[in-house]
Amino acid sequence: MSQGLLSDAFLISLIAGAVAAGIPLLLAGLGEQVSEKAGVLNIGIEGMMLFGAYAGFATAFGTGSLWLGFLAGAAGGLVLALLMALFCVRLGLNQIVIGIALTLGADGITALLHHVQFSRTYPRLPRVETLDIPGLSEIPILGPSLFARHPMVYVALFSVLVLTWLFRKTHVGLNLQAAGDKPDALDAAGISVVSTRTWSVLFTGVMAGLGGAYMAMIGAGIFVPFMTGGAGFIAIVLAMLARGRPLWVLIGAFLFGASLSLTTALQVGGVNVPTDVVQMLPFLMVMIVLVLFARRASLPAALGLPYVRGQR
Amino acid sequence: MTMASRPPEHATGAAEPIVVLRDITKRFPGVVANDRVSLDIHPAEVHALLGENGAGKSTLISILSGMQRPDAGTVEIRGRTMRIASPRTALDLGIGTVYQHPTLVPTLSVLENLMLGASWRAPMNRAATRARLDEIAALLGIALPEDAPLGSLSLGQQQLVEIVKALWRGEKVLILDEATSMLTPQGVEDLGRVIERLRDAGIAVLFITHKLHEAVRFGDRVSVLRQGRKVGSLSPEALGRLAPQEAIDHIVDLMFGGTADRTGAERSRAHRARAPGERMVIEVDGLRPAGDPDAAGEAGVSFAVHEGEIFGIAGVDGNGQKQLAEALAGQRGTEAGRIVLDGAAIEGLSVRQRQHAGLRYVTDDRLGEGTVSAFPVGLNLLLKRIGDAPFWRHGIIRNAEVERHARALIAEHDVRVPGPGTPLGHLSGGNVQKALLARELDDQPMAVIYNKPTYGLDLNNIHRARRAICERADEGVATILISTDLDEILELADRIGVMLDGRMVGIVANDGDAARRVGELMIGVGARA
Ligand SMILES: Nc1ncnc2c1ncn2[C@@H]1O[C@H](COP(=O)(O)OP(=O)(O)O)[C@@H](O)[C@H]1O
Ligand SMILES: [Mg+2]
């Protein structure tokens, strides 16, 4: 291989790109993992990310504050999640149909809002100021790509720990697992399945909204209609393959992030590969991973099934 | 004698009832599951609630446990009328329920299952949970592996965890819904000891069953539900006065209103028009079904069935009966052994080829692999002959032929259905089974395997199905009857093989002593044949 492939520039660009593209997947994947654990297959997550992306971008553009942007992004995801919870958890409608409907709806609404607000222009947000972690950010290659990022990156990484603790050490973890594996057991134990699932779906909305906001505000710096481009679905795959372990969502998110950022990294490294080929990589990767690991995915027994007390 | 109209009984000497159900009515679309049922539950007493499948037992206790709301009637706890709005309310009142369907999470450990149900804000207190578990385990006189995933425990142990969980928030009332249905005979004995300990500790136990001998064996007091109505009960004093057999006769009268034939065995077998022939129709030699290593024995299964003979296969559910049936029918591969049908080896043939050779399989999974609910009855009756003339020609279905065929079978087997075009899913369980029997017994079978042919049916349809089985055998069909209902096998079979752990542990003739010997073989104490 040419020496360009292993140059510092290439590696920094690859790792930085992996983080930039991986953080939205990580946030959304963790969110999806929670609702899947509780038995709700949240296909609407693609739409929730897009809502978060638009709300975050528009707010950050208007106010100049990324933190307000994240808040708005979370709220955007939450709005769709409320609908999802209402239709699929409270009313027991089909999760797949509602999820697809929400995603299609979000596609249309965000494109329309963007058109109304910005017409055909695609304004950019100013460059993001980073939080350089003293010491660590000076390590060659890894320093600039991992430890000089926006604080949201550290929040996302920290939430891996929080969720791991939540799943293993708290009643919330038990309740989530029971809601997904044997909801009638949870109900018989005196805990409402409907509210457990509702909270889990709302949490997914917030996480997906944050992921979308990160993608638009920090990853890209602009909002383009349909910009999530299947990231939500990759998050669903990640959550399914991770078998309930947040650490695996992290690993998967960065692997996919790396393959997404390979185009740029190769160009930075001076290697010319047709971009069309490289842009296929993430999806090739999904397929390879599915072929290799899908059989090992053990999904909650009641995933996708609405719960109605006393029904058989 | 009917006691439904009497006010709730008060046993002299016994403590006041802790729970009184008064005139509970619960309707579901099309059925009155409970019709003004009243019931008393006393401390330190086992109250057996007896009734056939569908009598409304589970519905009644789901009202007490907060899973369902009654349409009318009241629940009194210690003399005060209570509204039990949710399972949590019931638990807080000290009413614990072990449901008919398991309500534990197989992927969580025993301990975690017991911690389930605390407020999400509460810290997870493993030590306290362990202590409480040990306390209840001591009360029950049992030991449990606390950190093993629940799914890895035997069904009997899982049942005990259910009981521990039901008693968790206070040991006052314990409801057991069909608690013995998944247990081995040994497991039933163990459960009996646990129940006695609980009663002696002052707990009120409501023991629900559809098995008469269990009601008499476990109950201090027996109430009988029939088609949603309480048709009578026996107080402890009344039970004490009666000899066991008298009590059973009395309860049978209550349950079946005198219409049931208690001497079913004699009647049915007397109905057999002719004795089994000499000709061997099925020979099974050293058959080992593929898969499920724990359910397939080493030596394999061997037996033979003669022309016109009913060969019963008894055993506790899950001892390899289904695997054997599927291997015979060709739905499951075999690792070793031979199957000979009418002199020709068939173990290499496909399902379809075996059917053409005259072997039929009436599955116990009627709505799963047996039928397609969304298809019309007429098509379901031809499900195993799709593509065959005269019903299909050049791949095109000929509706007139299908309908003619369906009408004939519907009439012959008395399937209650508006017409051949009705989707099968609209039929009741009994009529689905009639349709299934009609299909499998059509077109000159030589040998038929029945797997639990009367499971889940009501009494009328049970008799009808059993009669159909006998009639076919009289016509010379070699019959393999797999059933977990020992009474059924004793009633119908000429010889009885017993399966245990995937092996055929013995074959006995169905004579006067068969019940005892089969029972011993089932629990693994009989001599190997
Ligand atoms: N949730 C339900 N919806 C509709 N019908 C029901 C429901 N639960 C029970 N039933 C009907 O009520 C009757 C009594 O059922 P159940 O209480 O389960 O009887 P048992 O426990 O005595 O076998 C049956 O006819 C059953 O089909
Ligand atoms: Mg029941």
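None of these values were measured; they are calculated from a predicted model. Values reported hereafter were calculated over all heavy atoms of this structure, with side chains retained and with hydrogens, waters and symmetry mates removed.
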Would you say that more than 12 heavy atoms from the other residues, nucleotides or ligands in this model lie under 6.0 Å from the CD of Gln227(B), or not? no

With heavy-atom distances below 4.5 Å as the criterion, would you say the side chains of Arg88(B) and Ile191(A) are in contact? yes

Answer yes or no: does atom CZ of Phe254(A) have more than 12 heavy-atom neighbours from other residues, nucleotides or ligands under 6.0 Å? yes

The interface call for Thr107(B) against chain A, heavy-atom contacts under 4.5 Å, is both

What heavy-atom pair brings Met124(B) and Arg168(A) nearest, and what distance separates the two atoms? CE-O, 4.0 Å

Validation row: Lys182(A), Thr103(B) side chains within 4.5 angstrom (heavy atoms): no

Tell me if the CH2 atom of Trp67(A) is crowded by more than 12 foreign heavy atoms within 6.0 Å. yes

Between Leu104(B), Val105(B), Leu116(B), which shows the greatest number of heavy-atom pairs under 4.5 Å with chain A? Leu116(B)

Return yes if some donor-acceptor pair links the side-chain N/O of Lys169(A) with the main-chain N/O of Pro123(B) below 3.5 Å, else return no. no

Considering all heavy atoms of both residues, which atom of Met115(B) and which atom of His171(A) are nearest to each other, and what is their separation? O-CE1, 3.3 Å

Looking at Pro102(B), Ser86(B), Pro87(B), which one has more heavy-atom pairs under 4.5 Å with chain A than the rest? Pro87(B)

Please say whether more than 12 non-hydrogen atoms of neighbouring residues, nucleotides or ligands are located less than 6.0 Å from CZ in Arg27(B). no

More than 12 non-hydrogen atoms from neighbouring residues, nucleotides or ligands closer than 6.0 Å to CH2 on Trp168(B), yes or no? yes

